[in-house]
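Working notes for the structure below.
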Amino acid sequence: MAHTELDLRERRTIEDMLNAEVPVSKIAAEIGRHRSTVYREIKRNYFTDEELPNLNGYYGMNAQKYASDRRARRRKLIRLDGLRAHVIAQLKVGWTPEQIAGRLDFDGQPIRVSHETIYAYVYSREGQSEQLARHLTSRRKKRQPRYARRPRGQVFPPDRSIHKRPDYVKTRETFGEWEGDLMIFERSQGTMNVASLVERKTRFAVLFRNNDRSSTHFINKLMDVMEPLPQPARRSITFDRGFEFRAWRKLKSGIGTESWFCDPQAPWQKGSVENLNKRARRYLPRDTQLAALSNRNMKAICDRLNGTPRKCLGWRTPTEAFREEMKKLR
């Protein structure tokens, strides 16, 4: 498994749980890391102030900055002024990072760097401040990681198929199993959309506006919405294989929620959320001006959907069914 650094969300979780005096072993389990990783993180990025010792402690934002600064100091193109100047000069001439890296010996440079290191610098904070990416043949807003271009079957691996999903999810026996989707609107709305979630047992619906269709943005927003629920109320979410859900692995490490995926071109396999989308379109037609849609508007639509009696619930409303299940968790 590839090594991954702790991210800001994980560091903020560590900070919050330390403030709540939660043991390190439980913090590690919550973020899906080994306890030694958490102990090491706290020790390395602990904030101290000799003049105001009462402010000493672990702060997620500070820890993220300390870690970023350490990584910057390790990078050759940050430390070595001559090498950096040579690389930038060749980029401006129009050479590719691979050409620059291959010619370093011929150009009398005593230190070698790979083309991946050059790409990383171009798309780093320092490289972006100098607008180095505009000198590349293929200009991107963000560098894709070297091993990120995976076949679609690896993005959604077979062991996450809906056919591997436990039977009790299919039969709606357990509470906390969700389905998720995006409601797309007219092209004039740009990347804005509405995310829809429905709890399979109670048919309880959650809608929220999502301003960006990028997977990372969507998953982060989804975790913010789901995190206030207790863990048994957010066991899993079933998605289709849309590109918006490619960052699904963050759900497990971020909030402990499993992900399952329908077969390609088989949205009917998540029929509950498809049904929700159909009913929500009464209030959110495709020409809806999403920019003018406030959180209060979204809550009012959810309240109406969840306040409607459902035959499949014995004519209870989704709100009533959801509250009953939540009481059982207390």
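For this chain, numbers begin at 1 and follow the sequence in order. Just so it is clear, the values below take in all heavy atoms, side chains as well, and ignore hydrogens, waters and symmetry mates.
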TODO: Mind telling me whether Phe204 and Phe322 have parallel, tilted or perpendicular rings, with 30° and 60° as the class edges?
DONE: parallel
TODO: Classify the side-chain pair Thr202/Glu199 by whether it contains a donor and acceptor separated by less than 3.5 Å.
DONE: yes
TODO: Could you tell me which non-hydrogen atom of Leu91 sits nearest to which non-hydrogen atom of His135, and how far apart they are?
DONE: O-CB, 3.4 Å
TODO: Starting from the C-alpha separation in whole Å, work towards a yes-or-no answer on salt bridge (charged side-chain N to carboxylate O under 4.0 Å, His left out) for Glu324 and Arg316.
DONE: CA-CA 11 Å; Glu324 288 177 11; Arg316 293 177 300 164; 2.5 Å; yes
Task: Flag for Thr238-Glu179: side-chain donor and acceptor within less than 3.5 Å - done: no
TODO: To the nearest 0.5 Å, tell me how far Leu284 CG sits from Ile301 CD1.
DONE: 4.0 Å
- [ ] With side chain to side chain contact (heavy atoms under 4.5 Å, CB included) as the test, would you mind laying out the steps for Ile27 and Leu18 before giving the verdict?
- [x] CA-CA 8 Å; Ile27 297 176; Leu18 283 175; 3.8 Å; yes
Open item on the list: How close do Ala101 and Ser114 get, counting heavy atoms only, and between which atoms?
Closed with: CB-C, 3.9 Å
- [ ] Indicate yes or no: at least one non-hydrogen side-chain atom of Asn211 is less than 4.5 angstrom from one of Lys221.
- [x] no
Open item on the list: Return the CZ to CD distance between Arg103 and Glu98, rounded to the nearest 0.5 Å.
Closed with: 14.0 Å
Task: Closest non-hydrogen atom pair, Lys250 against Ser253 - done: O-OG, 3.4 Å
Open item on the list: Could you see if Leu55 belongs to whatever hydrophobic cluster contains Tyr66? Use Ile, Leu, Val, Met, Phe, Trp, Tyr and a side-chain cutoff under 4.5 Å.
Closed with: yes
Task: Spatial distance of atom CZ (Arg323) from atom OG1 (Thr317) [nearest 0.5 Å] - done: 7.5 Å
- [ ] Could you tell me which non-hydrogen atom of Ile118 sits nearest to which non-hydrogen atom of Pro97, and how far apart they are?
- [x] CD1-O, 3.6 Å
Open item on the list: Regarding Lys270 and Glu274, does a basic nitrogen lie under 4.0 Å from an acidic carboxylate oxygen?
Closed with: yes
Task: Donor-acceptor side-chain pairing of Tyr59 and Gln64 below 3.5 angstrom - done: no
Task: Closest contact, heavy atoms only, Asn210 versus Leu182 - done: ND2-CD2, 4.5 Å
Task: Residues Asp7, Arg12: salt bridge by 4.0 Å N-O rule - done: no
Task: Between CG on residue Asn295 and CZ on residue Phe208, distance to nearest 0.5 Å - done: 11.0 Å
Task: Proximity of Phe156 and Phe245 rings by center, below 6.0 Å - done: no
Task: Centroid-centroid distance, Tyr46 to Tyr58, less than 6.0 Å - done: no
Open item on the list: Nearest 0.5 angstrom please: Thr319 OG1 to Asn306 CG, how far?
Closed with: 4.5 Å
Task: Asn277 versus Ser196, side-chain donor and acceptor atoms under 3.5 Å - done: yes
Open item on the list: Are Ile88 and Ile100 linked, directly or through intermediate hydrophobic residues, by side-chain heavy-atom contacts shorter than 4.5 Å (ILVMFWY only)?
Closed with: yes
Open item on the list: Please determine whether a side-chain nitrogen of the Lys or Arg among Arg84 and Asp81 lies less than 4.0 Å from a carboxylate oxygen of the Asp or Glu.
Closed with: yes
Task: Arg234 and Gln231 side chains, donor-acceptor separation under 3.5 Å - done: yes
Task: salt_bridge(Glu227, Arg9) N-O dist < 4.0 Å - done: yes
Task: Side-chain donor or acceptor of Arg286 paired with backbone N/O of Ile184 under 3.5 Å - done: yes
Open item on the list: For Arg172 and Ser272: C-alpha separation, side-chain torsions, deciding distance, then whether side chain to side chain donor-acceptor pair (under 3.5 Å) applies.
Closed with: CA-CA 11 Å; Arg172 305 180 190 269; Ser272 294; 3.0 Å; yes
Open item on the list: Could you walk me through whether Lys170 and Asp167 satisfy the salt bridge (charged side-chain N to carboxylate O under 4.0 Å, His left out) test, starting with their C-alpha distance in whole Å, then the side-chain angles of each, then the deciding distance to 0.1 Å, before giving a yes or no?
Closed with: CA-CA 5 Å; Lys170 181 179 180 180; Asp167 289 339; over 6 Å; no
Task: Val87 versus Leu77, closest heavy-atom pair with distance - done: CG2-CD2, 3.9 Å
Task: The single option from Arg249, Arg165, Arg160 passing salt bridge (charged side-chain N to carboxylate O under 4.0 Å, His left out) against Glu258 - done: Arg160
Open item on the list: Side chains of Asn297 and Ser294: any donor to acceptor distance under 3.5 Å?
Closed with: yes
TODO: Fit a plane to each ring of His115 and Tyr119, take the angle between them on a 0 to 90° scale, and name the class: parallel (under 30°), tilted (30 to 60°) or perpendicular (over 60°).
DONE: perpendicular
Open item on the list: Quick check for you: to the nearest 0.5 Å, what is the distance between Arg241 atom CZ and Ile162 atom CD1?
Closed with: 10.0 Å
Open item on the list: Within the 3.5 Å criterion, strictly below it, is a donor on Lys65 or Asn45 matched to an acceptor on the partner's side chain?
Closed with: no
Open item on the list: For Leu290, is there any backbone N or O sitting under 3.5 Å from a side-chain donor or acceptor partner on Arg209?
Closed with: yes
- [ ] Could you tell me whether Lys201 and Glu177 have a side-chain N and a carboxylate O separated by less than 4.0 Å?
- [x] no
Task: Parallel, tilted or perpendicular: rings of Trp248 and Phe261 (30°, 60°) - done: perpendicular
Open item on the list: Given 3.5 Å as the limit, does a donor-acceptor pair link the side chain of Arg235 with the main chain of Pro232, or not?
Closed with: yes
Task: Row check, Phe185 ring normal vs Arg281 NZ/CZ: under 6.0 Å, within 45° - done: yes
- [ ] Would you check if Trp260 and Ser236 make a side-chain contact, meaning some heavy-atom pair closer than 4.5 Å?
- [x] yes
